[in-house]
J.: 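Following this message is one structure expressed as structure tokens.
Quick note on labels: first sequence line is chain A, next is B, and so on, each numbered from 1.
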Amino acid sequence: MNFFKRFAQNRGALVGLVILGLVVVLALLAPLLYPDSPWRMVQRPFLAPGEVSGFWLGTDVMGRDVAAGLAHGAWVSLLIGLISTVVALAIGVPLGALAGYFGGKIDDALMRFTEFFQTIPNFALAIVLVAIMEPSTFSIVLAIAIVSWPPVARLVRGEFLSIKHREYVEAARLVGQTHRDIIIKQILPNTLSPVIVLASLMVATAILLESSLSFLGLGDPDTMSWGYMIGAARTVMRQAWWLSVIPGVAILLTVLALNLVGEGLDDALNPQLARAR
Amino acid sequence: MAYVSLILGRVGKAVIVLLAILVFNFFLIHAAPGDPAAVMAGEAGATDQQFLDDLRERFGLDQPLPVQLWRYMSGVLQLDFGYSYRQQMPVLDLILDRLPATLLLTGAAFCISLLFGIIAGTLAAMRAKRPSGSIIMGLALLFYATPLYWVAMMAVLVFSVTLDWLPAYGYSTVGAGYTGLAHAGDVAVHLILPALTLGLFFMAVYTRMTRTSMLSVSQQDFVKTARAKGLAPGVIQRRHILRNALLPIITLAGLQAGQMVGGAVLTETVFAWPGIGRLMYEALMQRDYNLLLGIFFFCALLVILFNMLTDVIYRLADPRIKQGAT
Amino acid sequence: MTLLSSVTGRLTAAALSLAVALPAVAQETPQSGGVANVAIQPEPPGLMLPLVQNAPTQRVAGNIFEGLLRYDADLKPMPQLATSWEISDDGLAYTFHLHPDVIWHDGEAFSAADVVFSADVFLRETNPRTRAILDHVASIEAPDDETVVFTLKQPFPAFIQAFEVGTLPIVPKHLYEGTDFYHNPANNHPIGTGPFEFAKWDRGSVIELDKNPDYYEAGKPYLDKIYWHVIPDAASRAAAYENGTLNIMPAGSVENFDIPRLAEMDGSCMTEAGNEYFNPFAMLWLNNREGPTADKRFRQAVMYALDRDFARNVLWNGLGKVPNGPFSSTLAAHDDDLQPYPYDPDKAEELLDEMGYDGEPVRLLPLPYGETWTRWAEAVRQNLEDVGINIETESSDVAGWNQKISDWDYDIAFTYLFQYGDPSLGIARTYVSSNIAKGSPWNNVEGYENPEIDKLFADAAVENDADKRQAMYDQIQQTLHDDVPLAWIMELAQPTIYRCSVHDLITTGIGLNDGFKNAWIEQ
């Protein structure tokens with residue numbers, strides 16, 4: 001069975017892929033659908049969904065179009081989720097690879113370092129980092145990446161430990177390939193499947209984390225993200241429930257879709273494990 | 001003997017990690033813009049240079065950073081965590097004052113999530129091919145994907161404001177003057193919503209984990225052997241599959257038990273739970289360096305303790321692991 | 001402004017307090033008993049009011065401590081620890097006659113020595129705002145146990161405004177003299193003379209105050225207890241008020257958007273009274289030193305670009321006032337004839353064109369005080385972008401905000417200041433060049449320098465003739481209005497929401513900070 005067939009066998013994963021596709025399309029089309037800034041105050045505040053035509057999701061506390069916010073927010077949330085995951089991978093993969101490949105003292109030192117970050121409670125550290133660097137897209141992405149790389153490093157290290165004594169690696173060593181080549185060309189490609197699965201879940205977690213930070217008022221003041229929308233709407237939850245429900249559902253669906261896709265990837269990439277992870 | 005030196009080694013490493021965390025956080029927090037004196041001056045609504053100088057001198061903030069670090073660390077080595085600048089109380093008192101509330105909250109949430117997570121996960125694994133199994137997993141996924149603070153807000157709205165079944169916030173009824181059992185009952189009622197909210201997410205995590213773990217264990221040879229021997233399915237589920245499937249869950253739970261303490265900030269904020277997570281957030285905002293460092297120390301300590309505890313439980317649960325193996 | 005140059009005898013004082021109390025009391029007689037459950041946010045760092053200048057501390061500890069005077073809604077002095085007072089004709093000597101029967105919560109007798117110690121020793125060391133006011137004072141003396149005389153260096157008519165509990169709280173000399181004020185054990189169990197005594201503080205949950213059974217005003221206070229509930233989340237506070245746990249919500253307890261809903265509930269009342277003494281005034285600091293904001297035309301353009309009525313109507317529920325200039329309209333010195341800058345985006349664009357604004361980015365620093373202020377910054381950003389100003393919003397927490405303002409590291413920044421009852425107490429500090437110094441967010445941080453304004457403020461503060469003083473203040477308002485050293489955006493309203501069964505909650509211009517001496521609950 002090839003990759004796509006195995007993926008498609010998981011019906012949940014297909015549903016997830018469709019939802020995720022819609023979100024991505026929404027994010028890409030946002031500048032076309034709503035060319036104006038989502039911050040513009042365009043109508044009376046607190047319009048319920050559908051109350052005035054053209055504002056099918058209503059307006060927020062200041063008369064801004066919720067639909068425009070949702071579309072632009074899709075872009076921001078996905079981007080923050082993706083970039084922070086990429087940054088986390090960029091930290092975690094090399095550290096895990098070096099630790100697993102070389103073992104011994106290097107492994108010991110790198111794992112102490114990883115443990116160190118795992119010993120500080122994640123969310124607390126993220127809050128401190130964002131507060132110190134002052135909230136901006138950059139600081140939020142960096143903070144999320146810093147708290148989410150340790151599991152990557154551990155995973156990659158584990159994979160390296162199990163692969164580094166396989167025959168083809170020994171063979172590469174015998175023909176005199178450099179450590180660099182062995183790590184990058186021989187071992188790393190074979191560790192990718194679990195890393196991809198983990199990454200898809202990390203994007204989901206990052207989106208949740210960003211929204212939690214926004215909830216505490218630690219969001220980027222210049223970007224309209226879903227987390228910001230919920231944070232801003234929570235004070236008016238009793239008057240205008242839709243303002244917090246709409247972006248909340250958007251987050252829920254996106255995170256759900258990413259998880260479903262992650263499971264599908266797991267099925268497709270690690271058939272022998274049968275979702276053992 | 002080997003066991004003792006193993007323990008000593010672990011403790012030694014833990015102490016080093018804790019001290020490293022303190023130093024790391026010390027520089028981190030001092031890198032933040034503003035200092036406690038600036039915050040207090042800001043809150044006073046009026047200030048002058050003398051006021052700021054007085055404050056900084058009183059707090060020792062007029063000293064060079066290395067000197068401040070040295071003073072702080074030498075205090076910590078004598079188990080003196082200093083004074084909270086803002087609250088003018090020893091940091092240790094403040095933390096010990098708040099720690100029980102957090103431990104109660106996270107402990108309850110932990111037990112709820114672990115118990116129900118494992119039950120739900122087991123059921124889902126046993127009914128993997130039936131609709132009921134899919135429903136359990138669907139619900140778990142839903143809880144997993146919902147922002148925690150959002151659930152908290154909704155819970156208050158439904159159960160406190162609309163239905164008026166449970167208190168919306170706080171640790172106990174103010175002014176009720178309950179003692180003994182009545183007090184315990186009162187606290188328990190207040191505990192329900194926050195503990196459930198906090199537990200829901202982790203319950204989803206454990207449910208999913210238990211299911212995958214059980215499914216994967218059930219494919220392994222020793223289970224097949226048991227089946228071939230003709231053991232009753234119930235016995236196989238309990239004695240062979242569940243027991244082995246729990247191992248990765250213990251590891252994860254141990255990791256998360258420690259994390260929960262620091263991660264309870266949101267829940268404690270929404271429910272006005274007088275715990276350490278909220279104290280941490282306030283200390284951060286007020287640049288109450290000593291207090292913040294103290295809280296980080298205790299959170300890290302808890303993580304380490306839980307990790308050690310996990311190891312012990314792991315050893316007890318898994319007969320294959322022998323002393324000394326890591 | 002009319003000043004009580006001489007008020008003598010307890011009769012006059014009693015008449016004064018009656019005049020204030022009458023409209024609020026209606027015909028009902030106060031009933032004793034009952035408990036006040038009040039929201040407090042954030043949790044105060046301590047309750048030793050003379051030591052901690054912090055809004056929540058003042059709010060709670062205003063029940064424990066007392067000042068010599070209180071002030072009605074027109075800022076006329078009312079008796080408290082002082083039953084009567086005189087000001088000499090040259091405006092230099094202020095004589096206070098103290099209540100004879102006052103005792104501290106620990107049973108010691110209160111006397112003039114406590115007042116002298118508080119003003120001359122304690123507050124000079126600990127309170128920067130009081131210290132600045134006491135700079136005008138040459139000596140403080142107690143001729144006998146019931147009399148205190150403040151002698152000024154030169155006339156300072158605003159001085160009579162300085163005796164409220166937050167500005168000049170009286171400290172027990174017998175507990176603090178000769179000690180380290182900051183580490184005195186009494187700080188954790190503050191001892192005052194007020195109508196309520198400190199009982200208990202569960203950090204993070206609740207502060208308990210008990211009725212002072214030996215209070216010197218017979219029959220008062222009426223309430224048995226006050227619980228101050230520490231609830232960090234605004235929505236939870238609202239929920240607690242709705243389900244009846246709380247019966248008093250001080251200003252700032254709930255987000256503005258929630259105010260109409262809570263105020264319109266059955267049996268719920270709202271009042272805007274009780275902030276006349278403080279006059280909170282929202283402004284945008286505009287950095288006069290560098291960047292586009294250094295150009296007067298740019299600053300004027302900002303004034304024209306701001307839709308201040310929108311902010312008032314949408315963000316503040318129509319509460320508060322759009323100011324016409326630098327002075328709050330409740331001040332006696334306010335110039336009613338000054339024409340406010342209208343909302344006129346075209347005019348703003350014209351001014352920007354005239355100065356040749358090239359789209360240089362301008363940083364906007366919001367005030368990190370909750371959702372309303374965040375939304376307000378978003379509205380201001382939109383207003384300014386609409387006229388072509390390139391805005392970059394910065395974000396920071398309270399500490400970062402303080403640091404940036406204190407270091408002048410901003411282009412446009414939100415703030416609000418108390419103007420207090422007199423321009424020399426709360427307004428001059430923002431504009432006079434002698435107050436340009438880094439290190440405080442309450443200085444002249446915009447960097448406005450105008451020798452004419454400096455002189456006018458200095459002269460007006462010590463001018464004993466009301467008409468001459470007013471002429472100077474009119475001149476100041478006109479000049480500032482044209483120069484726009486900063487943007488005046490709103491005279492803030494501070495609505496208190498409470499159950500209507502609570503009576504006489506606010507009876508002075510100091511509001512809830514003045515304690516619950518007169519409050520009672522209909523049983």
J.: Side chain of D220(A), backbone of T137(A): donor and acceptor closer than 3.5 Å?
T.: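 Answer holds: yes.
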
J.: Can you say whether L28(B) sits under 4.5 Å from chain A via the side chain, the backbone, both, or neither, judging by heavy atoms?
T.: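 L28(B) touches chain A through backbone and side-chain heavy atoms alike.
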
J.: Apply salt bridge (charged side-chain N to carboxylate O under 4.0 Å, His left out) to residues R208(B) and E263(A) and explain how you reach the verdict.
T.: CA-CA 11 Å; R208(B) 303 177 68 193; E263(A) 281 180 11; 2.7 Å; yes

J.: L216(A) versus chain B, heavy atoms under 4.5 Å apart: side chain, backbone, both or neither?
T.: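 It is both, since atoms from each part get that close.
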
J.: Tell me whether the count of non-hydrogen atoms from other residues, nucleotides or ligands lying under 6.0 Å of CZ in R112(A) goes above 12.
T.: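 Buried by this count: over 12 neighbours within 6.0 Å.
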
J.: Chain A heavy atoms under 4.5 Å from Y281(B): which part of the residue, side chain, backbone, both or neither?
T.: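 For Y281(B), the contact with chain A is made by the side chain alone.
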
J.: Is there any residue in residues 130-142 of chain B with a non-hydrogen atom under 4.5 Å from a non-hydrogen atom of chain A, and which ones are they?
T.: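 So the qualifying residues are L141(B), L142(B).
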
J.: Hey, what do you get for CD (E268(B)) to CZ (R98(B)), rounding to the nearest 0.5 Å?
T.: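 Nearest 0.5 Å value for the CD-CZ distance: 8.5 Å.
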
J.: Specify the closest pair of heavy atoms between V39(B) and M285(B), including all atoms of both residues, with the distance to one decimal.
T.: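 Heavy atoms of V39(B) and M285(B) come nearest at CG2-O, 4.2 Å.
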
J.: Distance-only, no hydrogens or angles: does the S225(A) side chain make a donor-acceptor pair with backbone N or O of G73(A) under 3.5 Å?
T.: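 Absent.
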
J.: Could you tell me which non-hydrogen atom of A245(B) sits nearest to which non-hydrogen atom of M214(B), and how far apart they are?
T.: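 Closest pair (atom of A245(B), atom of M214(B), distance): CB-CG, 3.5 Å.
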
J.: Less than 4.5 Å to any heavy atom of chain B: does that hold for the side chain of F215(A), its backbone, both, or neither?
T.: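 Side chain only.
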
J.: Going by heavy atoms in the side chains, are F24(B) and F116(A) under 4.5 Å from each other?
T.: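 Contact flag for F24(B)/F116(A) side chains = yes.
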
J.: I'd like to know which of S212(A), G227(A), A126(A), A204(A) tops the heavy-atom pair count under 4.5 Å against chain B.
T.: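 That would be S212(A).
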
J.: Is F143(B) close to V151(B) at the side-chain level, that is, under 4.5 Å between some pair of heavy atoms?
T.: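 A side-chain contact is absent here, since even the closest heavy-atom pair is not under 4.5 Å.
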
J.: Using only non-hydrogen atoms and a strict under-4.5 angstrom cutoff, which residues of residues 242-258 of chain A touch chain B?
T.: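 The list, in residue order, reads S244(A), V245(A), I251(A), L252(A), V255(A), L256(A).
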
J.: Hey, what's the ring geometry for F113(A) with F117(A), parallel, tilted or perpendicular (30° and 60° as the breaks)?
T.: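 F113(A) and F117(A): perpendicular rings.
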
J.: Heavy atoms only, distances under 4.5 angstrom: which of L284(B), N25(B), V17(B) has the most pairs with chain A? Name it, please.
T.: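 Between L284(B), N25(B), V17(B), the count favours L284(B).
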
J.: Where does the angle between the aromatic ring planes of Y206(B) and F110(B) fall among parallel (under 30°), tilted (30 to 60°) and perpendicular (over 60°)?
T.: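 Ring orientation, 0 to 90° scale: perpendicular.
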
J.: Do T114(A) and Q118(A) have side-chain N/O donor and acceptor atoms under 3.5 Å apart?
T.: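 No donor-acceptor contact under 3.5 Å links the two side chains.
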
